[in-house]
Structure formats: structure tokens, C-alpha cells
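Take a look at the following structure, please.
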Amino acid sequence: MSKKIAVLPGDGIGVEIVAEAVKLLEALQRDFGLKVELEQALVGGCAYDDSGSPLPESTLSLARAADAVLLGAVGGYQWESLPIAKRPEKGLLGLRSELGLFANLRPAILYPQLASASTLKPEIVSGLDMMIVRELTGGIYFGQPRGVRILDNGERQGFNTLVYSESEVRRIAHVAFDIAAKRNHRVCSVDKANVLECTEMWREVMIEEGKKRPDIELTHMYVDNASMQLVRNPKQFDVMVTTNMFGDILSDTAAMLTGSIGMLPSASLDANNKGMYEPIHGSAPDIAGKNIANPLATLLSVAMMLRYSLNEAAMADRIETAVVKVLDSGLRTADIAGAGCQVVGTRAMGDAVVAALA
Ligand code: IPM
Ligand code: MG
């Protein structure tokens with residue numbers, strides 16, 4: 001039976017990079033027997049322009065009905081002055097929370113071919129292969145109350161709420177432990193337990209769950225130290241598990257260790273491994289429409305989708321091998337270009353990966 005993929009290109013470079021992902025999926029259908037149905041819809045700023053909502057009901061129901069969602073990116077300068085509830089980012093956050101996608105997996109893998117593209121010394125980053133597990137539907141991103149109020153003295157006061165219930169911590173702990181069990185069996189939980197009660201509880205719950213998993217070595221780190229350790233000695237980490245906001249910040253740092261944020265895919269999963277797959281970079285409005293964006297993170301997101309949600313591990317391997325072949329051949333988009341490489345555009349990079357599938 002063919003599986004249904006909701007394809008949501010979104011804004012900015014999302015449109016170009018998702019076009020390459022669609023090209024890849026069509027090639028897998030045509031030449032390798034993959035059975036999927038693709039249906040596109042609007043999300044983010046383009047959806048707001050079209051219908052006044054960054055997450056139209058029709059897009060949400062398509063995403064709910066699909067077996068997996070492929071997303072490009074949302075956001076752009078022209079929507080920055082909208083009220084928060086109408087901003088493109090609300091489309092993305094709405095999808096995450098409406099679909100219950102609480103587990104965000106963000107691998108940071110350095111391809112040996114790109115060691116010189118990192119801003120860190122090659123000996124610090126070469127061989128890097130870590131996984132950040134970010135809690136995605138709780139914490140300060142969603143906590144109530146939130147807003148801006150007027151104090152008695154007339155000045156404005158902004159406020160947000162950092163809140164986690166035990167069950168939210170337990171379920172993300174289980175995801176992290178299960179992933180570590182398939183890797184190097186080490187989990188580092190990142191919190192700010194020395195200052196924030198909420199994350200002090202986070203740590204307590206992690207420890208309780210960790211006791212049930214003797215196969216996993218669980219350690220804890222404060223977030224300020226974790227951010228330092230990521231650039232000091234990133235290879236000490238196997239799996240890092242953390243809150244929504246800390247994970248947002250630390251995963252950008254981890255991404256840059258690998259040379260380019262344009263290389264990294266992500267998966268956001270619900271309790272049944274239904275997922276939304278997206279590159280971890282944003283919509284990059286400054287380079288949108290120029291055919292220079294790196295489509296590899298999106299193509300690798302397709303591989304994650306095939307592996308985690310569509311039960312097509314062999315197809316996923318095929319994509320990942322193709323990407324390695326293309327990097328070996330010296331082809332690079334501008335963001336990862338180095339001496340002796342051939343710089344190509346978005347479409348040519350997509351074509352090269354499709355050609356390398358065989
Ligand atoms: C991310 C992004 C989003 C986030 C934005 C676009 C809402 O930065 O996926 O990391 O903060 O989660
Ligand atoms: Mg982010």
C-alpha cells in the first residue's frame with residue numbers, strides 16, 4: 001500500500017530545497033519501486049498571505065492524514081512585524097504541537113569530506129557523530145501564562161513560563177535512552193538544575209528513569225557548561241537530551257561544528273513514530289530564489305523519513321550513500337565549498353544525488 005507524504009515547502013529557500021526532495025522521491029518511485037503519494041500544501045508566511053493563517057485547517061488535516069510530513073522552512077522579513085500568533089513560525093509550532101511531535105532528533109555528523117568546512121580545528125571535529133534529542137512540544141515555548149502586561153507604574157512587562165510535567169520528561173528520556181541503546185549507550189541530560197526548579201525536577205526524573213536502564217550511562221550537565229563543551233570537545237557526547245529551548249540553542253551550535261547548517265536533517269516524532277522531517281536550517285530569505293541553497297539537509301531528511309516513519313531503511317541507505325558519493329566527487333554548494341571543489345547550485349546538487357542513487 002502506498003504511503004502518503006504531506007509536502008510543505010513553506011517559505012524562502014524551503015521552496016527550492018523541497019523541490020529537490022520531491023525530485024529525489026520521484027526518482028525513487030520511478031527507478032526503485034518506492035510506493036508513496038505526495039500532496040503539497042502551504043504553511044508559514046505563504047499560507048498567511050494566501051488565507052490569513054500560517055497553519056490553515058486544510059494543511060493541518062493533510063498533515064494529520066499523512067504517514068509523514070516533509071517540511072522545508074518557514075519565515076521571512078516581510079512577516080516579521082505580524083503579531084506572534086500570525087507569524088510563520090506559529091505554523092511550524094502549531095504542527096509540532098497539534099501532531100504531538102514531542103521528540104526532535106537532531107544528528108550532528110561531520111562528513112570527513114567537509115572537515116575543513118568547520119570553523120573548528122579538524123582534530124576537534126573529525127569523526128563527530130552525536131545526536132541531540134530535543135523535547136519539542138513543552139517547556140517555555142508552549143508554557144502558559146505568557147504575554148506582555150502593563151504594570152501599575154505603566155511600564156510593560158514581558159513573561160513566559162517554563163513548565164514540564166513529569167510524564168513529558170519521562171517520555172523524552174525513553175526516546176533518548178532507546179536511541180543511545182542503538183549507538184554508544186551514553187546519554188547526557190542538559191539542564192539548569194542549579195537555578196531553575198523546573199529543570200531540577202527534570203534532572204530528578206531523568207535519574208529515576210536512568211535507574212531502569214542499566215545499559216545506559218547517564219550523565220548530567222548544566223546548559224552553560226554544555227555549550228562550552230560542545231565547542232571545546234564535542235566528541236565526548238553520544239546522545240544529548242534536553243529541553244525545548246536549550247535544544248534549540250545547542251543544536252545550532254552542534255550544527256556549525258559540522259561545517260554547515262546546510263547539511264543537517266531532523267526528525268520530529270510522535271509516540272508512534274509518525275514524524276515531520278525538516279532540515280534544521282531556516283528559510284534563509286537572503287539567498288532565496290537564487291539557486292544557491294544547499295539541498296542536502298533536506299535530502300537527508302527524506303532519508304530519515306524513510307527510515308523512521310516509512311519503514312524503508314534500504315531506501316534511506318541508498319540516499320545517504322548517494323550523498324556521500326556526491327561529496328566524494330568534489331561537488332559542493334557554496335556554503336560548504338573549499339579548495340579544489342566544484343561549486344554547483346541547488347538544482348545541480350539535487351540532480352547529482354539523484355544520479356548517484358544507482
Ligand atoms: C528550529 C527553529 C524554530 C524553533 C523556529 C523557526 C520556531 O529555530 O526548529 O530550531 O525555535 O524551534
Ligand atoms: Mg532553532
Side-chain angles (χ1 to χ4, degrees), residues 103-112 114-136 138-141 143 160-164 168-169 172-173 175-177 179-180 183-207 209-210 213 216-268 279-282 297 335-336:
N104 185 212
L105 316 188
R106 298 192 163 188
I109 296 172
L110 183 88
Y111 288 84
L114 300 182
S116 62
S118 176
T119 47
L120 269 71
K121 297 191 190 97
E123 63 269 27
I124 301 290
V125 291
S126 68
L128 178 72
D129 179 351
M130 66 175 291
M131 175 74 93
I132 295 187
V133 178
R134 169 188 177 194
E135 199 292 325
L136 201 61
I140 199 166
Y141 269 53
N160 287 90
T161 305
L162 172 60
V163 52
Y164 271 110
E168 289 178 298
V169 183
I172 199 71
V175 171
F177 295 157
I179 289 174
R183 299 171 45 103
N184 294 322
H185 302 263
R186 290 186 290 114
V187 173
C188 178
S189 169
V190 174
D191 60 40
K192 189 72 186 174
N194 51 344
V195 177
L196 304 172
E197 289 82 352
C198 177
T199 70
E200 187 183 24
M201 187 208 76
W202 168 286
R203 185 179 289 213
E204 286 162 13
V205 175
M206 281 285 162
I207 291 171
E209 293 307 310
R213 294 297 297 259
I216 303 297
E217 181 194 314
L218 175 66
T219 55
H220 307 271
M221 205 178 264
Y222 296 139
V223 63
D224 47 352
N225 185 24
S227 83
M228 181 176 74
Q229 296 300 333
L230 270 178
V231 288
R232 195 186 75 91
N233 174 20
K235 282 185 274 181
Q236 69 186 283
F237 298 111
D238 179 21
V239 174
M240 183 184 271
V241 62
T242 190
T243 64
N244 203 341
M245 187 162 73
F246 294 163
D248 176 46
I249 299 166
L250 295 176
S251 63
D252 267 29
T253 307
M256 199 54 219
L257 302 175
T258 71
S260 169
I261 199 167
M263 289 300 298
L264 295 182
S266 77
S268 306
I280 93 156
H281 59 72
D335 57 316
I336 49 174

| message | Please check if the number of heavy atoms outside Glu197 that lie under 6.0 Å from its CD is greater than 12. | response | no
| note | On a heavy-atom basis, the closest approach of Ile216 and Ala180 is CD1-CB, 3.9 Å
| note | Distance col, row Leu128:CG vs Ile109:CD1, nearest 0.5 angstrom, shows 8.5 Å
| request: Working to the nearest 0.5 Å, report the span between NE2 of His185 and CD of Glu217. | output: 11.0 Å
| request: Please assess Arg106 against Leu264 for the test side-chain contact (heavy atoms from CB on, under 4.5 Å), listing each intermediate value before the final yes or no. | output: CA-CA 8 Å; Arg106 298 192 163 188; Leu264 295 182; over 6 Å; no
| Can you tell if the side chain of Met263 reaches within under 4.5 Å of the side chain of Ile336, non-hydrogen atoms only? | yes
| Between Ser227 and Leu250, is any pair of side-chain heavy atoms under 4.5 Å apart? | yes
| query | Looking only at heavy atoms, which two atoms of Ala255 and Thr258 are closest? And how far apart? | reply | O-OG1, 2.6 Å
| Heavy atoms, side chains only, cut-off 4.5 Å: are Tyr222 and Met228 in contact? | no
| request: Indicate the atoms forming the closest heavy-atom contact of Pro265 with Ile280, along with that distance. | output: O-CG2, 3.4 Å
| If you take all heavy atoms of Val163 and Gly143, which pair is closest and at what distance? | CG1-CA, 3.6 Å
| Going from CG on Leu162 to SG on Cys198, what distance comes out if it is rounded to the nearest 0.5 angstrom? | 4.0 Å
| query | Does Glu200 offer a backbone N or O that forms a donor-acceptor pair with the side chain of Lys192 under 3.5 Å? | reply | no
| Can you check whether Ala193's main-chain N or O pairs, donor with acceptor, with Thr199's side chain at less than 3.5 Å? | yes
| Distance-only, no hydrogens or angles: does the Asn244 side chain make a donor-acceptor pair with backbone N or O of Leu136 under 3.5 Å? | yes
| Going through the distances and angles, do Lys235 and Ser126 end up as a side-chain contact (heavy atoms from CB on, under 4.5 Å)? | CA-CA 9 Å; Lys235 282 185 274 181; Ser126 68; 4.0 Å; yes
| task | Walk me through it: do Met130 and Arg186 pass the test side-chain contact (heavy atoms from CB on, under 4.5 Å)? | result | CA-CA 10 Å; Met130 66 175 291; Arg186 290 186 290 114; over 6 Å; no
| request: For side-chain contact (heavy atoms from CB on, under 4.5 Å), just list the numbers for Ser266 and Asn104, CA-CA rounded to whole Å, side-chain angles, deciding distance to a tenth of an Å, and then say yes or no. | output: CA-CA 7 Å; Ser266 77; Asn104 185 212; 4.1 Å; yes
| said: When you compare the side chain of Tyr164 with that of Glu135, does any pair of heavy atoms fall below 4.5 Å? | reply: yes
| query | Between Met240 and Ala226, which heavy-atom pair has the shortest distance, and what is it? | reply | CE-CB, 4.3 Å
| remark: side-chain contact (heavy atoms from CB on, under 4.5 Å) with Val190: of Thr243, Asp224, Val223, only one passes, and it is Val223
| request: Grab the two heavy atoms, one from Ser189 and one from Trp202, that are nearest each other, plus how far apart they are. | output: OG-NE1, 2.9 Å
| task | Ignoring hydrogens and angles, state whether a donor on the side chain of Asp248 or Tyr141 is under 3.5 Å from an acceptor on the partner side chain. | result | yes
| Atom pair CE (Met206) and CD1 (Ile172), whose distance is rounded to the nearest 0.5 Å | 7.5 Å
| remark: Between Ile207 and the options Glu209, Glu204, Arg203, the side-chain contact (heavy atoms from CB on, under 4.5 Å) test singles out Arg203
| said: If I take atom CE from residue Met256 and atom CG from residue Leu230, how far apart are they, to the nearest 0.5 angstrom? | reply: 13.5 Å
| Gap between atom CZ of Phe246 and atom CG of Asp191 - 0.5 Å precision | 7.5 Å
Sequence neighbours left out, cut at 3.5 Å: what donor-acceptor pairs do the side chains of residues 114-122 make with other protein atoms?
unit_1, atom_1, unit_2, atom_2, d
Ser118, OG, Leu120, N, 3.0
Ser118, OG, Leu257, O, 2.9

| task | Identify, with sequence neighbours excluded, every residue that meets salt bridge (Lys or Arg N to Asp or Glu O under 4.0 Å) alongside Arg232. | result | none
| query | In this structure, which one of Ile179, Val133, Val239, Asp238 forms a side-chain contact (heavy atoms from CB on, under 4.5 Å) with Val187? | reply | Val239
| query | Does the pair Asp129/Arg183 count as a salt bridge with the N-to-O cut at 4.0 Å? | reply | yes
| Exercise: do Gln229 and Asn225 side chains pair donor with acceptor under 3.5 Å | yes
